Amino acid sequence: MGYKRMKKVFTNPFSKWLYRWLHPDIGMKLGQYLSVKNKLISGDEDVKFLGEENEWLILYAKRKLETKHYNYLVFGHRHLPMIHPVGENAKYVNLGDWIGYFTYGVFDGETFELKKY
């Protein structure tokens, strides 16, 4: 519920306009504060694999595969970097983050891999 409220604030045009007027140093500190606050709210569950049956994005990816085939279903919301098989020739990919894991995805036209910088 808290995430949905926060998302409404972040996507509100007035909030975006107001944020643009902040000095970048203040904007980055605000972003880091909210990121840490989010991690405190979500606790340890956000940094460990909960099992295929408890990972809601994996369950969502499997439902999407029921109607159409995808080789890769790529997400960034979960913050935990992983590549997990979800079907025949299909993989769920979570990019991780650039603050704690320093991970990003690379797709060369055929394969997708997670890299660290």
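Numbers for residues simply follow the sequence, beginning at 1. Computed from a predicted structure; not experimentally measured.
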Checklist line | Enclosure of K62 NZ (heavy-atom neighbours >12, cutoff 6.0 Å) | finding: yes

Only distances under 3.5 Å count here; give the side-chain donor-acceptor pairs of residues 109-117 to other protein atoms, sequence neighbours excluded, each with its distance to 0.1 Å.
{"residue": "T111", "atom": "OG1", "partner": "D108", "partner atom": "OD1", "Å": "3.4"}
{"residue": "T111", "atom": "OG1", "partner": "D108", "partner atom": "OD2", "Å": "3.3"}
{"residue": "Y117", "atom": "OH", "partner": "W98", "partner atom": "O", "Å": "3.1"}

Check: Going through the distances and angles, do W56 and L50 end up as a side chain to side chain contact (heavy atoms under 4.5 Å, CB included)?
Finding: CA-CA 10 Å; W56 65 276; L50 301 174; over 6 Å; no

Margin query: Between N12 (side chain only) and K8 (backbone N and O only), is there a donor and an acceptor less than 3.5 Å apart?
Written below: no

Next item on the list: Inspect the surroundings of CD in E88 and state if more than 12 heavy atoms from other residues, nucleotides or ligands are less than 6.0 Å away.
Entry: no

Next item on the list: List in chain and number order the residues that pass ring pair (Phe, Tyr, Trp, His ring centres under 6.0 Å) with H69, two or more places apart in sequence or in another chain; answer none if no residue qualifies.
Entry: none

Checklist line | Between OG1 on residue T103 and CE on residue M82, distance to nearest 0.5 Å | finding: 10.5 Å

Item checked: Any residue meeting salt bridge (charged side-chain N to carboxylate O under 4.0 Å, His left out) with K29, in chain and number order, not counting sequence neighbours -> none

Notebook entry, point to check: Going only through I, L, V, M, F, W and Y residues with side-chain contacts under 4.5 Å, is there a path from L95 to V86?
Noted result: no

Note to self: In the structure I gave you, are the side-chain heavy atoms of L30 and Y19 within less than 4.5 Å of one another anywhere?
What the structure shows: yes

Note to self: Hydrophobic cluster membership, with links at side-chain heavy-atom distances under 4.5 Å among I/L/V/M/F/W/Y: are I83 and I58 in one?
What the structure shows: no

Checklist line | Residue F107 excluded, over 12 heavy atoms near CZ under 6.0 Å | finding: yes

Checklist line | Single hit among Y92, Y72, F75, F49 for ring pair (Phe, Tyr, Trp, His ring centres under 6.0 Å) with H84 | finding: F49

Checklist line | Side-chain donor/acceptor of Y101 to backbone N/O of P81, under 3.5 Å | finding: no

Notebook entry, point to check: Should W21 and L18 count as side-chain neighbours, where that means a heavy-atom distance under 4.5 Å?
Noted result: no

Check: What is the distance from atom CG of D97 to atom CG of L80, rounded to the nearest 0.5 Å?
Finding: 9.5 Å

